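The structure under discussion is supplied below as structure tokens; questions concerning it will follow.
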2 protein chains.
Amino acid sequence: MRLTTRGRYAVTAMLDLALHYEHGPVSLAEIAKRQGISQSYLEQLFAKLRRNRLVDGLRGPGGGYKLGRPGDTISVADVIDAVNESVDATRCGGQRNCQDEHRCLTHDLWEDLSTQIRQFLSEVSLDQLVKRQSVQAVHRLQETQVSDLQTEASI
Amino acid sequence: MRLTTRGRYAVTAMLDLALHYEHGPVSLAEIAKRQGISQSYLEQLFAKLRRNRLVDGLRGPGGGYKLGRPGDTISVADVIDAVNESVDATRCGGQRNCQDEHRCLTHDLWEDLSTQIRQFLSEVSLDQLVKRQSVQAVHRLQETQVSDLQTEASI
DNA sequence: AAAATACCTGAGTATTTTACTCGGATTAGC
DNA sequence: GCTAATCCGAGTAAAATACTCAGGTATTTT
């Protein structure tokens, strides 16, 4: 099963979008700085997110990205599916040819696990994450850090 | 999160052990042939399984491996933990230093997911797997295939 | 219209992890 | 003492991942 930095970055970036939605489009440069992710790498991820209509890109000065639809209709599973190919835990990608042309001994177990994970991630929306205390805490911390950086830069 | 061929092979091999427990120790050569896994690779996995006391190794002719304790007390999570380092979904391995020295925005989400997965895999024991119809079906299929191979070889 | 901003794209690369091999040593049964 | 098996460590090939780089394009501000 694939759950790597790629999926984690994508969810983090989408959550950043959701958190700053009210101030208009958010540029990748901002997200990159706030979340400590390479901007070029983010561009690749957002290309996929855009293809899946999870975000809208707005070009030009003052541009950036915004959510493609309301945050309560975007689940974590949606985001991960968009950038990974899937969260499948089987070796064969659900095709049941894991061993030679047959199912392997544990095929069904991994299929059940995949279902479980997918369901868990489907039940968590971006809006729900925004409301979480743990997210708000980190959010506030990041805001003060960014304003610190801005102060530093202006000296 | 790490759930790759390694963990899947380990569970499959342990299940093979559980299925053939009654006939005395099972050699890695048999498992390798039946499950289509490289024997040398199995040796590495079983070294870890042995260190975690999930199996006992018996050397010499007629030797092989047997379960270290009853199959109803060995969970799939036990097996995966033994060969992977963990099924942790966080980037930081639960250390909360995912971004610089702080928690990243989504740390708690991945921690929750890890808990979920771990719980699911903890609730499935080897004995439960043995009883599953899907496992029994593949098991019977493998037995006939192996006897076919033996017949072929003896001609 | 020019400049600046920021998205957009594709190709390429370094690193890491994984899956697997190889050679040999050790142990136990016949 | 031969053979079958576990044990052990080092090394390697291939794949995936994370990331860079070099450009291009659309849009807004001036």
Side-chain angles (χ1 to χ4, degrees), chain A residues 1-10 12-13 17 20 24-33 35-66 68 80 83-88 91 93 98-99 104, chain B residues 1-10 12-13 17 20 23-33 35-68 80 83-88 91 93 98-99 104:
Chain A
M1 107 144 239
R2 270 176 284 181
L3 179 49
T4 66
T5 307
R6 188 151 85 229
R8 284 192 288 256
Y9 276 176
T12 302
L17 267 193
H20 298 87
V26 184
S27 73
L28 290 188
E30 293 177 62
I31 301 179
K33 195 181 1 172
Q35 308 305 334
I37 306 174
S38 142
Q39 180 170 344
S40 307
Y41 196 42
L42 275 180
E43 285 178 3
Q44 286 185 14
L45 299 183
F46 272 77
K48 295 185 175 190
L49 294 173
R50 209 178 78 89
R51 256 175 257 138
N52 286 67
R53 304 192 177 279
L54 293 181
V55 296
D56 284 335
L58 300 170
R59 296 181 161 197
Y65 284 96
K66 61 194 188 80
I80 291 184
V83 295
N84 283 4
E85 314 299 346
S86 73
V87 286
D88 189 16
R91 178 182 176 73
C98 355
Q99 189 183 349
C104 72
Chain B
M1 106 143 239
R2 271 175 282 180
L3 179 50
T4 65
T5 307
R6 188 153 84 229
R8 284 191 289 257
Y9 277 176
T12 302
L17 267 195
H20 297 87
H23 308 322
V26 184
S27 73
L28 291 188
E30 292 176 63
I31 302 179
K33 190 178 10 170
Q35 308 306 334
I37 306 174
S38 141
Q39 179 169 345
S40 308
Y41 196 40
L42 276 180
E43 286 179 6
Q44 287 184 11
L45 299 183
F46 272 77
K48 295 186 176 191
L49 294 173
R50 209 178 77 89
R51 256 175 256 138
N52 286 68
R53 305 193 175 279
L54 293 180
V55 296
D56 283 334
L58 299 171
R59 296 182 160 195
Y65 286 95
K66 60 193 189 83
L67 295 182
I80 291 184
V83 294
N84 284 3
E85 314 301 346
S86 72
V87 286
D88 189 17
R91 177 183 177 73
C98 355
Q99 189 184 349
C104 73

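Letters go in sequence order (proteins before strands), and every chain restarts at 1. Values in this document were obtained by computation on a predicted structure and should not be read as measured data.
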What pair of heavy atoms forms the shortest contact from A/Gly57 to A/Arg50, and how long is it?
N-CD, 4.5 Å
Side chain B/Gln44 and base C/dC20 donor-acceptor under 3.5 Å
yes
Value in whole Å for how far the P atom of C/dT18 lies from CD1 of B/Ile80:
13 Å
Could you check whether A/Tyr65 gets within reach of a base, just the sugar-phosphate, or nothing at all, counting any heavy atom under 4.0 Å?
sugar-phosphate
Given the structure, check if the side chain of B/Arg6 and the base of C/dT18 hold any donor-acceptor pair shorter than 3.5 Å.
no
Nearest 0.5 angstrom please: B/Leu17 CG to B/Phe46 CZ, how far?
4.5 Å
N/O (side chain, A/Thr4) to phosphate O (OP1/OP2, D/dA16) under 4.0 Å
no
For B/Ser40, answer base if it contacts any base atom (sugar-phosphate contacts may also be present), sugar-phosphate if it contacts only those atoms, and nothing otherwise; contact means non-hydrogen atoms under 4.0 Å.
base
Rounded distance (Å) that lies between atom C1' of C/dC20 and atom CG of B/Leu28:
15 Å
What is the base-pairing partner of D/dT30, counting Watson-Crick and G-U wobble geometry with both distances under 3.5 Å?
C/dA1
Between B/Gly7 and B/Pro61, the residue closer to the 5' end of DNA chain C by nearest nucleotide is B/Gly7
Shortest non-hydrogen contact from A/Leu3 to A/Arg8?
O-NH1, 4.0 Å
Can you check whether any acceptor in the base of C/dT5 is under 3.5 Å from a donor in the side chain of A/Arg59, or vice versa?
no
For D/dC19 and A/Ser38 - does any side-chain N or O of the residue sit under 4.0 Å from the phosphate oxygens OP1/OP2?
no
Whole-Å distance, A/Lys48 NZ to C/dC7 C1', equals 18 Å
Can you tell me how far P of D/dA4 sits from NZ of B/Lys33, to the nearest Å?
14 Å
To the nearest Å, give me how far apart CD (A/Gln39) and C1' (D/dC21) are.
13 Å
Between B/Ala13 and B/Leu42, the two heavy atoms sitting closest are CB-CD2, 4.0 Å
Spacing between A/Leu42 atom CG and C/dA6 atom P, to the nearest angstrom
15 Å
Atom CG of A/Leu3 and atom P of D/dT17 are separated, to the nearest Å, by 11 Å
Whole-Å distance separating the NZ atom of A/Lys66 from the C1' atom of C/dC7:
15 Å
Does C/dC20 have its OP1 or OP2 closer than 4.0 Å to a side-chain nitrogen or oxygen of B/Tyr9?
yes
Could you check B/Arg51 against B/Ser27 and say which one's nearest nucleotide on DNA chain D is further toward the 5' end?
B/Ser27
Could you walk me through whether B/Tyr9 and B/Arg6 pass the side-chain contact (heavy atoms from CB on, under 4.5 Å) check?
CA-CA 5 Å; B/Tyr9 277 176; B/Arg6 188 153 84 229; 6.0 Å; no
With a 3.5 Å cut-off and just heavy-atom distances, do the side chain of A/Glu43 and the base of C/dC7 make a donor-acceptor pair?
no
